[in-house]
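Read through the structure below, which is laid out as structure tokens, and then see the notes.
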Amino acid sequence: MRYFYPIGRILFAYIFISAGPGHFTHERIAHAADLGAPLAGILVPISGAMALIGGISVALGYKTRWGAWLLVGFLVPVTLMMHGYWRLHDPAQVHIQTAMFWKNISMLGSAILITQFGGGAISLDALVHAKNDADRG
């Protein structure tokens with residue numbers, strides 16, 4: 001059962017790690033600007049860094065709670081700005097963006113849980129904690 005923690009962390013974090021680099025491309029920045037994102041040239045790369053750092057943190061289980069908070073900070077504005085299905089009129093786009101919105105809400109719930117429960121027994125956090133306990137003892 002304890003192996004489910006690292007498996008779950010890695011599966012959850014993969015989308016952020018794989019999508020993060022795209023936030024540094026001209027296409028992604030232009031797309032965000034077209035959707036009305038303010039200061040897209042600055043904020044989109046910052047969001048990419050948040051996704052990458054948070055995703056790697058959660059996947060490795062290192063500073064897991066902080067990494068999950070970064071992902072919360074990433075997901076809230078990105079979900080509202082990029083997946084605002086309520087602003088659309090094309091039924092196909094409404095369908096796609098509704099699914100993307102609720103997918104992000106689901107991931108937000110997972111990130112919030114990780115902020116509270118951490119990385120589990122098989123994580124770099126647990127290894128560091130065990131080492132610190134051994135050094136004190």
Side-chain angles (χ1 to χ4, degrees):
M1 182 88 99
R2 64 188 230 148
Y3 294 105
F4 286 140
Y5 276 93
I7 292 168
R9 284 195 332 263
I10 291 165
L11 291 174
F12 172 71
Y14 180 76
I15 193 166
F16 300 102
I17 296 168
S18 65
H23 288 76
F24 299 95
T25 65
H26 174 72
E27 292 79 18
R28 186 76 54 94
I29 293 167
H31 178 65
D34 289 345
L35 291 174
L39 303 169
I42 297 168
L43 294 179
V44 173
I46 289 173
S47 72
M50 291 172 72
L52 275 170
I53 294 166
I56 291 168
S57 169
V58 168
L60 295 176
Y62 179 70
K63 304 284 186 186
T64 311
R65 293 171 194 246
W66 285 102
W69 278 116
L70 269 177
L71 296 177
V72 168
F74 166 83
L75 283 165
V76 170
V78 167
T79 301
L80 295 173
M81 181 57 64
M82 302 302 291
H83 304 300
Y85 63 89
W86 53 89
R87 294 187 300 261
L88 303 173
H89 301 289
D90 174 32
Q93 283 301 311
V94 169
H95 178 74
I96 291 167
Q97 292 308 318
T98 300
M100 297 295 283
F101 178 88
W102 289 108
K103 171 202 54 101
N104 279 21
I105 294 298
S106 172
M107 292 189 313
L108 178 61
S110 299
I112 290 169
L113 285 172
I114 294 169
T115 69
Q116 300 305 301
F117 293 103
I122 301 176
S123 65
L124 291 177
D125 288 340
L127 185 64
V128 168
H129 183 71
K131 182 185 178 323
N132 289 341
D133 285 349
D135 290 345
R136 280 187 232 131

Can you tell me which residue among Ile56, Ile53, Leu75 is in a side chain to side chain contact (heavy atoms under 4.5 Å, CB included) with Leu70?
Ile53
With side chains defined as the heavy atoms from C-beta onward, is the minimum distance between Glu27 and His31 less than 4.5 Å?
no
Would Val78 and Val76 show up in the same hydrophobic cluster when neighbours are defined by side-chain heavy atoms closer than 4.5 Å?
yes
Straight-line distance of Thr64 OG1 to Arg9 CZ, nearest 0.5 Å
5.5 Å
Check: Arg2 side chain, Gly120 main-chain N or O, donor-acceptor pair, under 3.5 Å:
no
Sub-4.5 Å side-chain heavy-atom contact between His129 and Asp125
no
Looking at Gly61 and Ser123, what are the two nearest heavy atoms and their distance?
O-CB, 3.5 Å
On a heavy-atom basis, the closest approach of Pro21 and Ile17 is CD-O, 3.2 Å
Using 0.5 Å steps for rounding, measure from the CE atom of Met81 to the CG atom of Leu35.
8.0 Å
Measure the spacing between CE of Met100 and NE2 of His95 and express it to the nearest 0.5 Å.
12.0 Å
Same cluster or not: Trp102 versus Phe12, using hydrophobic residues (I, L, V, M, F, W, Y) connected whenever any side-chain heavy atoms lie under 4.5 Å apart?
yes
Just wondering, more than 12 heavy atoms not from Phe117 lying within 6.0 Å of its CZ?
no
Tell me whether Tyr5 at atom OH has more than 12 heavy atoms from other residues, nucleotides or ligands lying less than 6.0 Å away.
no
Search all heavy atoms of Arg87 against all heavy atoms of Leu80 and return the closest pair with its distance.
NH1-O, 3.4 Å
Do Ile112 and Ile105 belong to the same hydrophobic cluster, where Ile, Leu, Val, Met, Phe, Trp and Tyr are linked whenever their side-chain heavy atoms lie under 4.5 Å apart, directly or via other members?
yes
Around atom CD1 of Ile15, are there more than 12 heavy atoms from other residues, nucleotides or ligands closer than 6.0 Å?
no
At what distance, to the nearest 0.5 angstrom, does CG of Leu11 lie from OG of Ser110?
11.0 Å
Shared hydrophobic cluster, Leu127 / Leu60 (ILVMFWY, side-chain heavy atoms < 4.5 Å):
yes
Apply side-chain contact (heavy atoms from CB on, under 4.5 Å) to Trp66 and Thr115, showing your working.
CA-CA 7 Å; Trp66 285 102; Thr115 69; over 6 Å; no
Could you tell me if the side chain of Phe24 sits less than 4.5 Å from the side chain of Ile29, heavy atoms only?
no
Heavy atoms only: give me the nearest Leu52-Gly20 pair and the separation to one decimal.
CG-CA, 3.9 Å
Val44 backbone acceptor or donor facing Arg28 side chain under 3.5 Å
no
Can you measure from CG (Leu71) to CE (Met107) and round to the nearest 0.5 angstrom?
8.5 Å
Assigning hydrophobic clusters by single linkage (Ile, Leu, Val, Met, Phe, Trp, Tyr; side-chain heavy-atom cutoff under 4.5 Å), is Tyr85 placed with Met82?
yes
Step through the shown structure and confirm whether more than 12 heavy atoms of other residues, nucleotides or ligands are within 6.0 Å of OH on Tyr62.
no
Here the gap from Gln97 atom CD to Trp86 atom CH2, rounded to the nearest 0.5 Å, amounts to 9.5 Å
Provide the closest heavy-atom pair for Ala111 versus Ala68 in the form atom of the first, atom of the second, distance.
O-CB, 3.5 Å
Check whether any side-chain N or O of Ser57 sits under 3.5 Å from a backbone N or O of Lys63 as a donor-acceptor pair, and report yes or no.
yes
Tell me the closest heavy-atom pair linking Met50 and Phe74, and the distance in Å.
CE-N, 3.5 Å
Taking the side chain from Thr98 and the backbone from Val94, do they hold a donor-acceptor pair closer than 3.5 Å?
yes
Verify, without hydrogens or angle tests, whether Arg65 (side chain) and Ile114 (backbone) share a donor-acceptor contact under 3.5 angstrom.
no
